[in-house]
**Q** 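Sharing a structure with you now.
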Amino acid sequence: SHLQNLPAELKLHIAQYTGKNGTGVDLALRQTSREMKDIAEKTLSQRQQFLVKNGQALEDAGYTVDQMHRLAERPVVQQTFVLTHGQTLKDAGYNGDDMNDLAARPAAEQTFVLTHGQTLKNAGYDGYAMNGLAGLPAAAQNFVLTHGQTLRDLGYIHYVMNALARRPAAEQTFVLTHGQTLKNAGYNGYAMNGLAGLPAAGQTFVLTHGQTLKNAGYDGYAMNGLAGLPAAGQTFVLTHGQTLKNAGYDGYAMNGLAGLPAAGQTFVLTHGQTLKDAGYNGYAMNDLARQPAVKREAVLQNLTSNS
């Protein structure tokens, strides 16, 4: 080509301006000829030199091209951390962005991850969640390291473990003591954390009636909501939950009905099946139950006459 026939000094000058935004060299020049490869490598920017030298090692550590470019913009000390520990972090479940994040963290957090990464991976952690845990106090870290596998068996995912690790010890103990019972009642980790923060009376209510409520269509979040209602509302659901489930109610709608006046509750219990057959769901029945008696009866009469 005409470019290859130019004097070497002129080609070197031209190469210096072929990179993106006029900086460095277009790396594609390295593939045109041996001479152009030598010229290109003389004019590589510092960032390009890093990528040329370390690209293969970073690819082996699971980096994408974009993640490599982001690392190339980081300080040398962060790049060195990744190049030194990249394979270990990859084996612990890290991707390139999470490695870049860890590289910018204090040495104590990096050491925590390098020491406990495999244990945390076995407990279901990914790199993002490990970085989050690494920034927590030592007591929270020790809680996860000690109980991570137990919590995973209870259905906890890493982010929810980190959240529980920040809670008071009494709440952590509640989950560890009653987690299996709650899991059997349909709870996930988020809902267990929520229940752990409720007063003891609410916790006792769920532990006592959780299986009954599960059979009535409740999940953990709805049970937590019911646990915060007055005793009369709880008794209403326990008495009529199965009937309401058959009428198309879920736990959240039952909680809504439990807070309505007795007249509205009686209306739904009496006419729930009719309303379900007419296409009403629990939330729509609750809306109707809030209406004055005259309007409720008019709607019901209209449905009956059109059936």
Side-chain angles (χ1 to χ4, degrees), residues 151 154-156 160 163-164 166-278 280-297 299-300:
L151 292 170
L154 292 176
Y156 270 72
V160 191
L164 183 60
R166 295 192 294 268
R167 298 287 194 95
E171 297 185 17
Q172 296 170 348
T173 300
F174 173 82
V175 169
L176 293 171
T177 303
H178 301 292
Q180 191 59 52
T181 299
L182 294 170
K183 179 182 178 183
N184 294 342
Y187 270 70
N188 62 21
Y190 292 101
M192 290 187 206
N193 287 356
L195 181 61
L198 294 184
Q203 296 171 349
T204 300
F205 172 79
V206 169
L207 292 172
T208 303
H209 302 291
Q211 197 59 51
T212 299
L213 293 169
K214 179 184 179 183
N215 294 340
Y218 271 71
D219 63 15
Y221 302 106
M223 290 187 210
N224 289 352
L226 182 60
L229 294 183
Q234 296 170 351
T235 300
F236 172 81
V237 169
L238 292 172
T239 303
H240 302 291
Q242 196 59 51
T243 299
L244 293 170
K245 179 183 179 183
N246 294 340
Y249 270 72
D250 62 17
Y252 303 98
M254 290 186 208
N255 289 353
L257 183 60
L260 295 185
Q265 296 172 348
T266 300
F267 174 80
V268 169
L269 292 171
T270 304
H271 304 291
Q273 194 59 51
T274 300
L275 293 169
K276 178 185 177 184
D277 293 342
Y280 278 69
N281 62 26
Y283 302 98
M285 292 185 210
N286 288 353
D287 288 340
L288 183 58
R290 293 185 183 95
Q291 301 300 319
V294 173
K295 185 170 183 178
R296 293 198 301 259
E297 294 302 327
V299 170
L300 189 64

**Q** Do H209 and M223 touch side chain to side chain, with heavy atoms closer than 4.5 Å?
**A** no
**Q** For the residue pair A258 and G233, what are the closest heavy atoms and their distance?
**A** CB-O, 3.6 Å
**Q** Decide yes or no for Y190 and N224: does some side-chain heavy atom of the first lie under 4.5 Å from some side-chain heavy atom of the second?
**A** no
**Q** For the residue pair V299 and R296, establish whether any side-chain heavy-atom pair is separated by less than 4.5 Å.
**A**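 Not in contact.
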**Q** Are side-chain heavy atoms of V268 and Y280 found at a separation under 4.5 Å?
**A** no
**Q** From F205 CZ over to L195 CG, what is the distance, rounded to the nearest 0.5 angstrom?
**A** 11.0 Å
**Q** Let me see the working for D287 and Q291 under side-chain hydrogen bond (donor to acceptor under 3.5 Å, both in side chains), right down to the final yes or no.
**A** CA-CA 7 Å; D287 288 340; Q291 301 300 319; over 6 Å; no
**Q** Work out which heavy atom in T204 is nearest to a heavy atom in T208; give both atom names and the distance.
**A**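 Closest heavy-atom pair between T204 and T208: O-OG1, 2.7 Å.
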**Q** Which atom pair, heavy atoms only, marks the closest approach of L260 to A289?
**A**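 Where L260 meets A289 most closely, the heavy atoms are CD1-CB, 3.9 Å.
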**Q** Can you check whether L154's main-chain N or O pairs, donor with acceptor, with Q180's side chain at less than 3.5 Å?
**A**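 Not at all, since once roles are kept as given, no pair shorter than 3.5 Å links the two residues.
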**Q** Got a donor-acceptor contact below 3.5 angstrom from the Q172 side chain to the L164 backbone?
**A** yes
**Q** Rounded to the nearest 0.5 Å, what's the gap from OG1 on T173 to CZ on R167? Could you check?
**A**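 It is 13.0 Å, given to the nearest 0.5 Å.
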**Q** In the structure I gave you, are the side-chain heavy atoms of Y218 and T212 within less than 4.5 Å of one another anywhere?
**A**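 No - every pair of side-chain heavy atoms lies 4.5 Å or more apart.
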**Q** Give, for atom CG of L300 and atom NZ of K295, the distance between the pair rounded to the nearest 0.5 Å.
**A** 14.0 Å
